[in-house]
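Quick notes on the structure that follows.
In the text below, chain A, chain B and the rest are named by the order of the sequence lines, each starting its count at 1.
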There are 2 protein chains.
Amino acid sequence: MSLRYALLGLLAEQPASGYDLTQRFEQQLATIWPAKHPQIYGELSRLADAGSIEIDSEGPRGRKVYRITDAGRAEMRRWLTEEPVDHTMRIEPILRSLFYWLMEPDDLERHLEREAAYYREQAEVFKQVAAAKDRGDYGDAPHVKSMRITVEAGIRLYEALADWAEWAETASSGRSCEMPRVDAGEPFASRTDELLKGFGTD
Amino acid sequence: MSLRYALLGLLAEQPASGYDLTQRFEQQLATIWPAKHPQIYGELSRLADAGSIEIDSEGPRGRKVYRITDAGRAEMRRWLTEEPVDHTMRIEPILRSLFYWLMEPDDLERHLEREAAYYREQAEVFKQVAAAKDRGDYGDAPHVKSMRITVEAGIRLYEALADWAEWAETASSGRSCEMPRVDAGEPFASRTDELLKGFGTD
DNA sequence: ACCCAACATGTAAGTAGTGACATGTCGAAC
DNA sequence: GTTCGACATGTCACTACTTACATGTTGGGT
């Protein structure tokens, strides 16, 4: 469902063709919300059927440029303000970490080094973009400001993952496994306790 | 595909039924890798067909306890060491941030407050679990150490998102939009430049 | 004796997303 | 004038995942 609104949102910036949008997903959104052309073209057809977007113009090679309609803009705003946020997160490398105990120490160390390097590089890419935006390279249109916020999320997320992978390296290498103590602070009531139960081994 | 290995990994710890595994996914893994019972039962059947797991014992109400086989353990190790990590990340709230410029300032502020609160609470839950593990509540079996690493990822990730949401609040509220400058450091070569291109507005 | 919540396993229909295939066009370089 | 890479749109089959439906058991409380 989210892709539908991603397309609607991008078309709220400016008209674009399926090809244009595919490029943008490949180049800018690959790490945020990957999408390939078959899904994009399909979703565009459905958005057009629903009247949320319409053909703006047609070009060579069957190129079809879409633009958002008033109904589409309204639908987008409805989604943003009324539709509950989906906090689902599936990060395979984190799932993998549950099973680190099954790996040979050498394999694990190699794995964690690569992971840290990957995350660090991604963070660096986002930082470069942020710096460019802060320099004003992209102007100060409203959607550029929003993108600056999105990019900040990328920086912080990948930085956090890189730090985590590096921490895990030292945490795993010392076989006497000295974990830095976490300060638990005030124990929580109700909700947290509920979420907590069953977090044991069995 | 990942669920398959998640189940295999959990069964490497100890035998369990589909029901047991469903409980564990609901209670411990809901935020890491959500999975519902229909998918779990289906995957277990396929794992059994493939010989990666086998029936350990049967209980009342048709309960079937599975255990991992040697072939299954080998397959799990192969996945961990040889299969390339899938870094795909789809975080809807971050996608949404691209379109913050379409929201009314009041709606946006409410949204960001809720997001920050949600992430902060999740981080707190993970911290509680980490503290319990550090106290030694769950023993020091190898898989408990791994889980401690996984939990650390949860803490850092949700903490980062909470900080981000709070930062975004102040960044959006000041309508003169004073973004903290990002220090770009040394500009990158090749790979980063490639990833960077097209990160503009159009 | 009965009821009900928790236990326990499944099927079926549908959505979201991927990878491979298919097709054709235009512009620029050689 | 031809070749080739980028442009441009689509279908099809498949995997992953979700929601709703379906069914039956067992143990504990009243």
Practice item. For residues B:M76 and B:R73, determine if any side-chain heavy atom of one lies less than 4.5 Å from a side-chain heavy atom of the other. Key: no
Point to revise | Any A:T88 side-chain heavy atom under 4.5 Å of B:I91 side chain | key: no
Between [X] ([atom1]) and [N] ([atom2]), how many Å, whole number?
X	N	atom1	atom2	value
B:K36	C:dT11	NZ	P	19 Å
B:F25	C:dT9	CZ	C1'	17 Å
B:L7	C:dT9	CG	P	13 Å
A:E26	C:dG19	CD	P	12 Å
B:L21	C:dC7	CG	P	15 Å

Review point. How does protein contact run along nucleotides 1-17 of chain D, one letter per nucleotide 5' to 3', with B for base contact, S for sugar-phosphate only, - for none, heavy atoms under 4.0 Å?
Key: ------BBBBB----SS
Point to revise | Contacts of type ring-ring contact (aromatic ring centres under 6.0 Å, His included), residue B:F25, not counting sequence neighbours | key: none
Practice item. Mind listing the residues from residues 75-86 of chain B sitting with a heavy atom below 4.0 Å of DNA chain D? Number order is fine. Key: none
Check your understanding: Mind checking whether A:H87 and B:Y119 have parallel, tilted or perpendicular rings, split at 30° and 60°?
Key -> perpendicular
**Study point:** B:Y158 and B:F126 aromatic ring geometry - parallel, tilted or perpendicular at 30°/60° bounds
**Key:** parallel
Practice item. Take A:R46 and A:D49, measure what salt bridge (charged side-chain N to carboxylate O under 4.0 Å, His left out) needs, and give me the verdict at the end. Key: CA-CA 5 Å; A:R46 258 172 283 161; A:D49 287 347; over 6 Å; no
Exercise for review: Please test A:R24 against A:E13 for salt bridge (charged side-chain N to carboxylate O under 4.0 Å, His left out), starting from the C-alpha separation and ending with a verdict.
Suggested key: CA-CA 13 Å; A:R24 250 191 113 172; A:E13 274 177 29; 2.8 Å; yes
Review point. Do B:Y19 and B:H37 have ring centres separated by under 6.0 Å?
Key: no
Review point. Would a line drawn from the ring center of A:Y100 to the ring center of A:H111 be shorter than 6.0 Å?
Key: yes
Review point. Listed by chain and number, what are the side-chain hydrogen bond (donor to acceptor under 3.5 Å, both in side chains) partners of B:S45, not counting sequence neighbours?
Key: none
Exercise for review: Check side-chain hydrogen bond (donor to acceptor under 3.5 Å, both in side chains) between B:E54 and all other residues, then give those that pass, not counting sequence neighbours.
Suggested key: B:R67
Study note, to complete from the structure: Between its two end axes (five pairs each) the helix from C:dA1-D:dT30 to C:dC30-D:dG1 turns, nearest 10 degrees, through 10°
